[in-house]
Amino acid sequence: MTKLPLIAFTTLLLACSEAPSVSQSAPDTSAAAPAAGTLPFTVTPVADFQAPWAMTFLPDGRMLVTEKAGQLLLVTADGRTSRAIATLPVDAAGQGGLMDVVLAPGFAQNRQVYLSYSATGAGGKGVVLARGTLAGASGAETLTGVTTLFQATPFVEGDGHYSGRIAFSPDGRFLFFTNGERQKFEPAQDPKATLGKVLRLTLDGKPAGDPALTSRGFHPAVWSYGHRNLLGVTFDEAGNLWEQEMGPKGGDEVNLIRAGANYGYPRVSNGDHYDGRPIPDHAPGDGFEAPKVSWNPVISPGGLMLYHGAMFPEWRGDLFIGGLSSQALVRVDVQGTTASKGDQWPMGARIREVEEGPDGAIWVLEDGGRGSAGRLLKLTRS
């Protein structure tokens with residue numbers, strides 16, 4: 001494992017991305033909001049960030065929020081105050097940056113936090129999994145001891161399709177980590193590459209992939225393959241692993257992930273290449289795992305959340321997806337191991353992340369790009 005120095009929060013890494021380490025200002029509510037009465041929930045702006053990417057709640061109701069430029073923010077429960085507690089050495093070009101943030105199993109005791117980000121290295125760029133410890137007195141914490149646990153292989157040129165989502169198995173023994181195919185197509189089917197794959201690792205980042213694939217010569221971390229740009233992964237209460245990914249033109253997907261399965265990309269897809277070249281559709285008996293739900297036109301899925309809360313009991317067990325180009329919050333109805341399209345609510349901005357709050361409210365982060373403000377919104381029952 002490699003120690004990473006924490007670098008000072010002093011430089012501007014992205015145009016229009018600089019933010020003070022502490023903010024006491026009221027949230028910016030000037031961005032367009034959905035019209036009252038058109039949504040089944042009340043939308044309350046809570047805070048505003050610079051190109052946020054992911055968030056997670058601490059046990060006391062405070063939040064950790066990642067910003068694309070590399071800052072990890074600690075945000076008070078009311079959203080009024082935030083400060084940078086770490087700055088990671090990210091490559092923030094294109095779709096790169098500081099990505100996911102997830103609390104470790106047993107966080108109350110070990111105070112560990114897992115992060116993903118894009119970095120430069122031999123061969124080009126790739127996604128990295130790291131871990132640090134939230135240390136210090138309450139209100140004065142910093143993230144210390146940030147350590148690299150795993151990195152995608154190979155690093156390649158380009159600034160897209162890093163993926164980098166993290167989920168822990170229900171028993172807390174394994175970490176599932178998504179690696180996008182980096183807009184290179186064929187690595188999704190290459191057994192030696194981690195690109196275009198769902199990976200299973202130990203909590204220390206050691207490969208723990210599907211034994212059947214490993215015996216066939218796959219990289220020992222690979223759990224499933226044939227994916228494109230995997231931007232959400234979560235377990236349901238029955239222990240099923242769900243994943244969503246940006247497909248090609250007309251082929252966004254929600255998948256139920258099975259160990260050893262090939263999800264087909266770029267051999268098959270419900271969409272086509274952006275340059276117009278056709279891709280064969282999924283078909284029964286083709287040997288590939290078909291999506292449970294797909295979209296055409298696309299929704300451009302961002303984060304993924306499975307709802308467990310009491311505030312919206314009618315949606316318990318359903319998936320929620322942030323829509324980027326669709327500027328929507330998307331609900332997928334889940335019944336056991338089947339899924340179908342539910343609601344698609346217009347939000348008036350690109351939605352990057354969806355999380356469930358301690359009280360069952362739904363929280364979303366705007367993307368902060370292409371006209372979106374980067375706000376944190378709280379959705380409560382109307």
Side-chain angles (χ1 to χ4, degrees), residues 1-2 4 91 95-96 99-100 102 114-131 147-169 171 173-235 241-247 253 255-269 287-289:
M1 296 188 294
T2 306
L4 294 175
D91 184 291
Q95 296 175 13
M99 298 171 183
D100 213 357
V102 182
Y114 287 77
L115 301 157
S116 64
Y117 63 94
S118 55
T120 57
K125 302 176 182 181
V127 66
V128 172
L129 175 71
R131 183 176 65 192
T147 303
T148 297
L149 300 180
F150 186 89
Q151 64 182 36
T153 184
F155 273 32
V156 297
E157 295 300 324
D159 299 322
H161 293 191
Y162 292 101
S163 297
R165 285 292 186 175
I166 302 165
F168 293 100
S169 59
D171 61 9
R173 295 177 56 211
F174 297 105
L175 180 152
F176 288 78
F177 186 43
T178 68
N179 282 197
E181 46 72 69
R182 302 287 278 107
Q183 297 177 309
K184 307 300 182 186
F185 309 110
E186 290 303 324
Q189 295 292 327
D190 181 353
K192 300 299 184 183
T194 68
L195 309 184
K197 314 291 197 301
V198 174
L199 310 180
R200 188 175 75 160
L201 308 170
T202 69
L203 300 190
D204 292 328
K206 305 302 183 186
D210 174 53
L213 290 181
T214 303
S215 70
R216 290 166 48 193
F218 277 70
H219 187 288
V222 175
W223 189 253
S224 66
Y225 64 110
H227 300 285
R228 189 172 181 266
N229 189 18
L230 316 86
L231 289 172
V233 62
T234 188
F235 282 91
L241 180 60
W242 295 89
E243 173 264 347
Q244 59 87 343
E245 63 190 78
M246 280 191 181
E253 300 179 355
N255 293 299
L256 180 64
I257 299 300
R258 297 191 303 109
N262 183 353
Y263 288 78
Y265 190 77
R267 304 283 189 268
V268 297
S269 171
F288 301 111
E289 193 78 10

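All values below come from the heavy atoms of this structure, side chains included, with hydrogens, waters and symmetry mates left out. Computed from a predicted structure; not experimentally measured.
Side-chain contact between Val127 and Phe177 is present, with heavy atoms from C-beta onward closer than 4.5 Å. Contact check for Val156 versus Lys184: side-chain heavy atoms found under the 4.5 Å cut-off. The shortest side-chain heavy-atom distance between Leu149 and Leu201 does not fall under the 4.5 Å cut-off. Within the 4.5 Å cutoff, side-chain heavy atoms of Phe168 are placed close to those of Val102. Counting heavy atoms from C-beta outward, Leu241 and Leu256 have side chains that stay 4.5 Å or more apart.
Checked by atom type and distance alone, the side chain of Thr202 pairs as donor or acceptor with a backbone atom of Asp204 at under 3.5 Å. Side chain of Thr178 to main chain of Gly164: a donor-acceptor pair is present (N/O by atom type, distance under 3.5 Å, no hydrogens or angles). Of the possible polar contacts, one joining the Arg182 side chain to the Gly158 backbone as a donor-acceptor pair under 3.5 Å is found. At least one donor-acceptor pair closer than 3.5 Å links the side chain of Lys197 to the backbone N or O of Leu195. Of the possible polar contacts, none joining the Arg131 side chain to the Tyr114 backbone as a donor-acceptor pair under 3.5 Å is found. No donor-acceptor distance shorter than 3.5 angstrom exists from the side chain of Thr153 to the backbone of Thr194, with no hydrogens or angles considered.
The two residues Gly96 and Ser118 come nearest to each other via the heavy atoms CA-OG, 3.1 Å. The heavy-atom pair separating Gly123 from Glu157 by the smallest distance is O-OE2, 3.5 Å. Scanning all heavy atoms of the two residues, the minimum distance from Phe174 to Ala208 falls at CE2-CB, 3.8 Å. When all heavy atoms are compared, the tightest approach of Tyr263 to Ser224 is CE1-CB, 3.8 Å. What you find for Pro207 and Ala221 is that their closest heavy atoms are CB-N, 3.7 Å. Closest non-hydrogen pair, Ala167 versus Val233, comes out as CB-O, 3.7 Å.
Separation of atoms OH (Tyr162) and CD (Gln183) is listed at 9.0 Å; rounding is to 0.5 Å. Note that CG of Leu230 is 11.5 Å distant from OH of Tyr265, once rounded to the nearest 0.5 Å. Considering CH2 of Trp242 and CD of Gln244, their distance stands at 13.0 Å, rounded to 0.5 Å. Note that CD1 of Ile257 and CZ of Phe235 are 10.0 Å apart. Values are rounded to the nearest 0.5 Å. We find the CG-CD1 distance between Asp100 and Ile166 to be 4.5 Å, quoted to the nearest 0.5 Å. Residue His227 holds its NE2 atom at 8.5 Å from CD of Glu253, rounded to the nearest 0.5 Å.
Defined by atom type and a distance below 3.5 Å, a donor-acceptor pair is present between the side-chain atoms of Glu243 and Asn255. Side-chain atoms of Asn179 and Ser163 include no donor-acceptor pair closer than 3.5 Å. Under the 3.5 Å distance criterion, with hydrogens and angles disregarded, a donor-acceptor pair is assigned to the side chains of Asp171 and Ser169. In this model, a donor atom of one side chain and an acceptor atom of the other lie less than 3.5 Å apart for Asn262 and Gln189.
Evaluation of the side chain to side chain donor-acceptor pair (under 3.5 Å) rule for Gln151 yields no partner, not counting sequence neighbours.
Here ring-ring contact (aromatic ring centres under 6.0 Å, His included) pairs that include residues 183-203, with residues two or more places apart or in two chains, are Phe185-His273. Each side chain to side chain donor-acceptor pair (under 3.5 Å) pair with one or both residues in residues 211-220, not counting sequence neighbours, would appear here, but there are none.
For Arg200 and Asp210, the salt-bridge test fails: no basic side-chain N is under 4.0 Å from an acidic carboxylate O. A salt bridge is defined here as a Lys NZ or Arg NE, NH1 or NH2 lying under 4.0 Å from an Asp or Glu carboxylate O, and Glu289 with Arg258 meets this definition. Classification of Glu245 and Arg165 as a salt-bridged pair fails, no side-chain N sitting under 4.0 Å from a carboxylate O.
Here the two rings, on Phe176 and Trp223, have centers that are under 6.0 Å apart. The aromatic ring centres of Phe218 and Tyr225 sit less than 6.0 Å apart.
Shown are Leu199, Leu175, Thr148; of these, the side chain to side chain contact (heavy atoms under 4.5 Å, CB included) with Leu129 is made only by Leu175.
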